[in-house]
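We use all heavy atoms of the structure for the numbers below, so side chains are in, but hydrogens, waters and symmetry mates are not.
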Amino acid sequence: MIDLFATEKVQHLYPKYKDFIQTHLLPTELQLLDTSNLVSHENLLSQLRIKAKSAGLWAPHLPESEGGLGLNLVEFAQISEVMGTTPLGHYVFNCQAPDIGNMELLSAYASEEIKLQFLEPLQRGEIRSCFSMTEPEHAGSNPKHLSTTAIQDGNIYIINGHKWFTSSADGASFAVVMAVTNPESANAYERASMIVVPTDTPGFELVRNIPIMGEKGSGYISHAEIRYNNCRVPVHNLIHKQGEGFMLAQQRLGPGRIHHCMRWIGICERSLDLMCRRASERKISDEEVLGDKQTIQNWIAESRTEIDAARLLVLHTAHKIEKEGSKAARKEISSIKYYVANILQQVLDRTIQVHGALGITDDTILSWWYRHERGARIYDGPDEVHKTVVAKSVLKNYQANPL
């Protein structure tokens, strides 16, 4: 928490979230993250969510009128960091991806009918959702290339397509599906739309949970391959307007990258704490501990500085989104995405190295994060794409014919 950005709300809530996490989540973290048996833990997770509601910590991102705490983006970013210190944090407080992005999307653009049927129970934590956009047949770095179609037949859309990395589909009640509705549009960015598809719709096929470095996962900690086989849904399940799927995706991605980056910073803070504890306690001789070695000291110093710099960069970007919108902050959004993702990898790797053989076991949280967060440099746009965005923005000031 940084005084420059810490409002009275943040100062009041931050220690409450930190205490809840230390008291209720960390003691059962490794048990509950056994995704081979996650379904069996749902009762305990539900109890933790009830405790979070009773403690007045439920859904900090939602307006107070919708059952939340009414935090703005900059305020929520700081709370998101402390939640990120455990993989259970965002789920227990009902602001985990992809649900948080779908809540924001439906709240801003969905019809009242969709809000009543899907958004409100999602906000209350009664159901979960998923977001279905990426396709195995096409490069995710170029989202204009989509094969999934939604053909209108009277008052029905007939959806056919193949998706994967539809995160948290296992057990979700509905998917927000990106599908081509206007294939003849001259503008490639106006060909796709977003449509709500209940997962009990005939033709919705969850093919498998995709193994991530050997771990299939289950429940909300999973990434699914999906086939849409002549799924028929009402036209009124369309979100906003036909052909505006890419606009909606950009509106969703700006704040979403703030959420991810601050969660990653929370992971970095917990990792650095584990690194320092290990360095201070692990004896390498009768007279020395790991922390006496200059290499370890360098890693600690580098990690501390990188985390602090990353936090300021992300909060600056969140502030710009709040004041000027996601479009005006496009360069900053791309900058934080690759910058923080790389720092996350570096800090995790150093911490594992300091832990030695213990670091690659499941006796600590480190190996879990290493498996699940390597994708940080790929999803929501790979590093290389975001660096290109930043470079082109900078070079515009130097060229007679801007890129």
Side-chain angles (χ1 to χ4, degrees), residues 80 84 96-98 100-101 130-148 161-169 176 178 188-189 191-192 194 210-215 217 221-226 245-268 306-307 309-310 313-314 317-318 321 326-327 329-349 369-396 403:
S80 186
Q96 76 282 3
I100 184 172
C130 55
F131 186 73
S132 205
M133 179 173 176
T134 304
E135 299 179 351
E137 294 82 7
H138 302 292
S141 57
N142 187 352
K144 292 182 292 184
H145 290 175
L146 293 174
S147 293
T148 300
H162 186 199
K163 302 285 189 180
W164 77 337
F165 282 88
T166 298
S167 298
S168 308
V176 174
M178 187 84 145
Y189 292 102
R191 293 173 185 165
M194 288 191 184
I210 304 162
I212 304 300
M213 296 192 180
E215 184 177 340
I221 304 177
S222 63
H223 306 279
E225 179 182 358
I226 307 289
F246 287 103
M247 182 277 291
L248 296 176
Q250 289 304 312
Q251 293 300 312
R252 190 180 185 278
L253 284 172
R257 286 169 182 151
I258 298 294
H259 303 161
H260 277 312
C261 287
M262 291 306 290
R263 179 174 62 82
W264 297 338
I265 291 170
I267 294 171
C268 289
E306 289 164 354
I307 294 168
L313 193 61
V314 177
T317 302
I321 292 173
S326 295
K327 187 175 181 179
R330 186 179 178 219
K331 174 174 69 69
E332 288 81 2
I333 291 168
S334 283
S335 294
I336 63 171
K337 173 58 174 62
Y338 71 79
Y339 184 76
V340 184
N342 277 269
I343 286 173
L344 169 64
Q345 301 300 317
Q346 292 166 10
V347 174
L348 271 176
D349 192 70
W369 270 328
Y370 203 77
R371 287 194 299 275
H372 289 274
E373 300 299 343
R374 176 56 184 85
R377 293 179 53 212
I378 299 170
Y379 58 70
D380 279 4
D383 287 2
E384 295 75 16
V385 170
H386 288 293
K387 289 178 180 180
T388 297
V389 170
V390 174
K392 285 183 176 181
S393 176
V394 173
L395 287 170
K396 280 182 180 178
L403 294 175

Gap separating the [atom1] atom of [X] from the [atom2] atom of [Y], nearest 0.5 angstrom:
X: Leu253; Y: Arg330; atom1: CG; atom2: CZ; result: 11.5 Å
X: Glu306; Y: Gln346; atom1: CD; atom2: CD; result: 5.0 Å
X: Arg191; Y: Leu146; atom1: CZ; atom2: CG; result: 10.5 Å
X: Met194; Y: Ser132; atom1: CE; atom2: OG; result: 11.0 Å
X: Leu348; Y: Glu373; atom1: CG; atom2: CD; result: 7.5 Å
X: Thr166; Y: Phe131; atom1: OG1; atom2: CZ; result: 9.5 Å

Between [Y] and [X], is there a side-chain heavy-atom distance shorter than 4.5 Å?
X: His372; Y: Glu215; answer: yes
X: Phe246; Y: Met178; answer: yes
X: Ile212; Y: Phe165; answer: yes
X: Met262; Y: Ile336; answer: no

Identify the heavy atoms of [X] and [Y] that sit nearest to each other, and give their distance.
X: Ile226; Y: Ala169; result: CD1-CB, 4.0 Å
X: Ala97; Y: Ser168; result: O-OG, 4.1 Å
X: Ile333; Y: Gly254; result: CD1-CA, 3.9 Å
X: Ala310; Y: Ile343; result: CB-CD1, 4.0 Å
X: Val347; Y: Cys268; result: CG1-O, 3.8 Å
X: Ser222; Y: Gly217; result: CB-C, 4.1 Å

Under a 3.5 Å distance rule, please check whether [X] uses its side chain to pair with a backbone N or O of [Y] as donor and acceptor.
X: Ser393; Y: Val389; value: no
X: Lys337; Y: His260; value: no
X: Arg257; Y: Asp380; value: yes
X: Lys331; Y: Val390; value: no

Check whether more than 12 heavy atoms from other residues, nucleotides or ligands sit under 6.0 Å from atom OH of Tyr379, and answer yes or no. yes
Please determine whether the number of non-hydrogen atoms from other residues, nucleotides or ligands lying under 6.0 Å from atom CZ of Arg371 exceeds 12.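 Atom CZ in Arg371 is packed in, count exceeds 12.
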With sequence neighbours left out, the residues meeting ring pair (Phe, Tyr, Trp, His ring centres under 6.0 Å) with Tyr338 are none
Can you confirm whether the side chains of His162 and Ser147 place a donor and an acceptor under 3.5 Å from each other?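 The answer is no; no qualifying pair exists.
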Determine whether the side chains of Glu135 and Thr148 contain a donor N or O and an acceptor N or O closer than 3.5 Å. yes
